[in-house]
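Before any comments, here is the structure.
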Amino acid sequence: MASRSAELYLTATTQFGLEEVLAEELRQLGAEVVKVGNRAVEFTGNKQLLYEAVLWCRTAMRILMPFAEFEAPDEQSLYKEVSRINWSKYLSPDQTFAITAVTNRSNLEHSLYISQLTKDAIVDQFRTRTGRRPSVDPVKPDVRLHLHLLDNQALLSLDAAGESLHRRGYRQQTNEAPLNEVLAAGLILLSGWDGKKPLIDPMCGSGTILCEAALISQRIAPGLFHQGDFAFQHWPDFEQALWDSVLMDARQARIEEPQAYLAGSDLSRDTIELARQNVAAAGLEDYIRLAVRDVRDATPPKNEEQPGILLLNPPYGERIGAEAEMAALYKTIGDTLKTNFQGYDAYIFTGNLEAAKSVGLRTSRRVPLYNGPIDCRLLKYELYRGTRKAPKEEPQA
């Protein structure tokens, strides 16, 4: 595999709409961004940068290292080409592994069958050469492989993290419809928040937006919360001393003194208790204030003269007959913004664009995103003091 200084060609995956945010994160780490694609960013860097990307990237779902590419128009060619790879370079008989396959516009259409066929080719090679074989562990394997089949062209990659990086490890409890951590961080970074101004979430749910904001403002690497090893720690070329150095640098980068006023509230006492548990699990109690409060009673901090931002993810009202209820809720949100938060910028992330019309304010920005399968928008409202005329709406991102 790779020496410490060798240039690696890597791919970071993310959610739709966060590609440019992720590309900027990688540039800040020192990566050379080669291509910003659909839900993915291709980049180059050395082994240290690979470790840092896994540890620091807030909007990456996975960091992949491609190592083999070939034509696979049918099952015989897929098995044959996988068998040609020297798998002892990536895996030992004592390790466990798993394969995630994705197929698009290819003759082989069933991802589970593709995974099984690839697994058979790998296992058969080990059994023939050594008489032993690695076992499959779909839950927490030592080595996770990704096979992407597009137009019959197969790309095999190693997954550096092993599981999705949105699973930070601090979230103990969630409410019914939580944002994942990558999306929450992405919303904050899309807002352009500087990590210093107040950030308020008056419908905070289980507190994911606030936790991610605290990690940003206090310069805390999200990968520090990861439970267990990352997958790259099981690769043959893993360098413990280099990883220890990257970890030490990350721990020393943390700022202990609170950098921003972060506050959240929710109408449900039980929900706020869930948020408190998550904040405590992340060790962020010194940075986040939580309260049980109706959104209509939300106010800016009295001791902060500088306006900040509001960022909230209201319910979308997906159940039948909820239209009137949602319209009333979004009108209440709009009234609160106009009355209590003049001078602030407000961001509403929603999958109910019809209800969002009831906010009664003109948007200055609309960013298309997804929350799982739900088509959403991040809507920006500039809450001017006085009677300043609203600007023309910016084109969609």
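Remark: R296 pairs with D294 by the salt bridge (charged side-chain N to carboxylate O under 4.0 Å, His left out) rule, at least two apart or across chains.
Distance check: T103 OG1 to N152 CG gives 8.0 Å after rounding to the nearest 0.5 Å. How far CG of D297 is from OG1 of T332: 10.5 Å, rounded to the nearest 0.5 Å. Expressed to the nearest 0.5 Å, how far OG of S106 lies from CG of L78 amounts to 10.5 Å. Taking OG1 of T208 as the start and CD of E181 as the end, the distance is 5.5 Å to the nearest 0.5 Å. In this structure, CD on Q125 lies 9.5 Å from OG1 on T130, to the nearest 0.5 angstrom. Distance check: C204 SG to R289 CZ gives 14.5 Å after rounding to the nearest 0.5 Å.
Remark: the R129 side chain and the N86 side chain contain an N/O donor-acceptor pair separated by less than 3.5 Å. A donor and an acceptor atom, one from each side chain of Y9 and E7, are nowhere located under 3.5 Å apart. In the model, N371 has a side-chain atom that pairs as donor or acceptor with a side-chain atom of Y316 under 3.5 Å. A donor-acceptor contact closer than 3.5 angstrom is absent between the side chains of Q233 and Y51.
Remark: the backbone N or O of S111 is paired with a side-chain donor or acceptor of S115 at under 3.5 angstrom. Not a single donor-acceptor pair under 3.5 Å links the side chain of D151 to the backbone N or O of Q153. With T14 contributing its side chain and E19 its backbone, the two residues share no donor-acceptor pair below 3.5 Å. Panel note: side chain T96, backbone D142; a donor-acceptor pair is recorded below 3.5 Å. Distance alone, capped at 3.5 Å, places no donor-acceptor pair between the Q259 side chain and the K196 backbone. D345 places no side-chain N or O within donor-acceptor distance of the main-chain N or O of I309, the cut-off being under 3.5 Å.
With P202 as the fixed residue, the side chain to side chain contact (heavy atoms under 4.5 Å, CB included) test singles out one of L312, I333, T336: L312.
Between F230 and F232, the two ring planes are parallel [angle under 30°; tilted spans 30° to 60°].
In this structure the side chain of E20 reaches within 4.5 angstrom of the side chain of V36, judged on heavy atoms. A 4.5 Å side-chain heavy-atom check between F16 and P368 finds at least one atom pair inside the cut-off. Counting only heavy atoms from C-beta outward, the side chains of R39 and M61 never approach each other to under 4.5 Å. A 4.5 Å side-chain heavy-atom check between L378 and S191 finds every atom pair outside the cut-off. Considering only heavy atoms from C-beta on, L189 comes within 4.5 Å of E25 through its side chain. Looking only at side-chain heavy atoms (C-beta outward), R62 and H146 come within less than 4.5 Å of each other. In this structure, the side chains of L210 and L290 come closer than 4.5 Å at one or more pairs of heavy atoms.
Around the CZ atom of R219, the shell of radius 6.0 Å holds no more than 12 heavy atoms that belong to other residues, nucleotides or ligands. In the displayed structure, K338 atom NZ is contacted under 6.0 Å by more than 12 heavy atoms of other residues, nucleotides or ligands. Summarising the local packing, NZ of K140 is surrounded by more than 12 heavy atoms from other residues, nucleotides or ligands at distances under 6.0 Å. Counting non-hydrogen atoms of other residues, nucleotides and ligands closer than 6.0 Å to NZ of K119 gives a total above 12.
Residues M326 and I374 share a single hydrophobic cluster, defined by chaining ILVMFWY side chains whose heavy atoms lie under 4.5 Å apart. There is a path of hydrophobic side-chain contacts, each under 4.5 Å, that joins L156 to I114.
Within the structure, every pair that satisfies the side chain to side chain donor-acceptor pair (under 3.5 Å) test and touches residues 64-74, not counting sequence neighbours, is listed here: D74-S77. The stretch residues 107-129 participates, sequence neighbours left out, in no ring-ring contact (aromatic ring centres under 6.0 Å, His included) pair at all.
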List the steps and the verdict of side chain to side chain contact (heavy atoms under 4.5 Å, CB included) for V143 and Y90.
CA-CA 8 Å; V143 176; Y90 309 103; 5.6 Å; no
For the pair E212 and R168, evaluate side chain to side chain contact (heavy atoms under 4.5 Å, CB included) and give the outcome as yes or no after the intermediate values.
CA-CA 10 Å; E212 291 298 315; R168 305 282 200 242; 3.0 Å; yes
Dump the intermediate steps for side chain to side chain contact (heavy atoms under 4.5 Å, CB included) on Y347 and L187, then the final yes or no.
CA-CA 9 Å; Y347 293 83; L187 297 178; over 6 Å; no
How far apart are the C-alpha atoms of Y344 and I200, what are their side-chain angles, what is the distance that settles it, and do they pass the side chain to side chain contact (heavy atoms under 4.5 Å, CB included) test?
CA-CA 10 Å; Y344 274 63; I200 299 169; 4.1 Å; yes
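In this structure, F67 has its ring center closer than 6.0 angstrom to the ring center of W87.
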